[in-house]
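Before any comments, here is the structure.
Since the structure is predicted, the reported quantities are computational estimates derived from the model, not experimental observations. Residue numbers count from 1 along this sequence. Start at 1 and go down the list; that is how both ligands and their atoms are numbered.
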Amino acid sequence: MTEPVRLRPRRPCPICNKPSQQKTHPFCSARCAQVDLNRWLGGNYAIPAEEEEPGEDEGSDL
Ligand SMILES: [Zn+2]
């Protein structure tokens with residue numbers, strides 16, 4: 001079953017699943033917020049952007 005998230009304003013901390021604090025929402029503490037931030041900064045997430053697809057010949061049909 002999927003939980004109706006919108007009915008629950010207080011979501012658990014995505015890092016450690018502890019009850020989140022209003023002060024550091026949606027995390028339970030500033031530390032977890034930092035952990036999440038580091039994940040993004042250090043993880044170097046690659047955002048799928050418009051890239052050239054090799055081997056795709058579009059427009060050569062007409
Ligand atoms: Zn936490």
Residues at least two apart in sequence or cross-chain that pass side chain to side chain contact (heavy atoms under 4.5 Å, CB included) with Asn17, listed by chain then number, are Pro12
Please check: side-chain N/O of Ser20 versus main-chain N/O of Arg11, any donor-acceptor pairing under 3.5 Å? yes
Please name the pair of heavy atoms, one in Cys13 and one in Phe27, separated by the smallest distance, quoted to 0.1 Å. SG-CA, 4.0 Å
Spell out the protein N/O/S atoms under 2.8 Å from the Zn ion (ligand 1) as residue plus atom name. Cys13 SG, Cys16 SG, Cys28 SG, Cys32 SG
Would you name the heavy atoms of Cys32 and Cys16 that are closest together and state the gap between them? SG-SG, 3.8 Å
Under the side chain to side chain contact (heavy atoms under 4.5 Å, CB included) rule, collect the residues that match up with Gln21, sequence neighbours excluded. Thr24
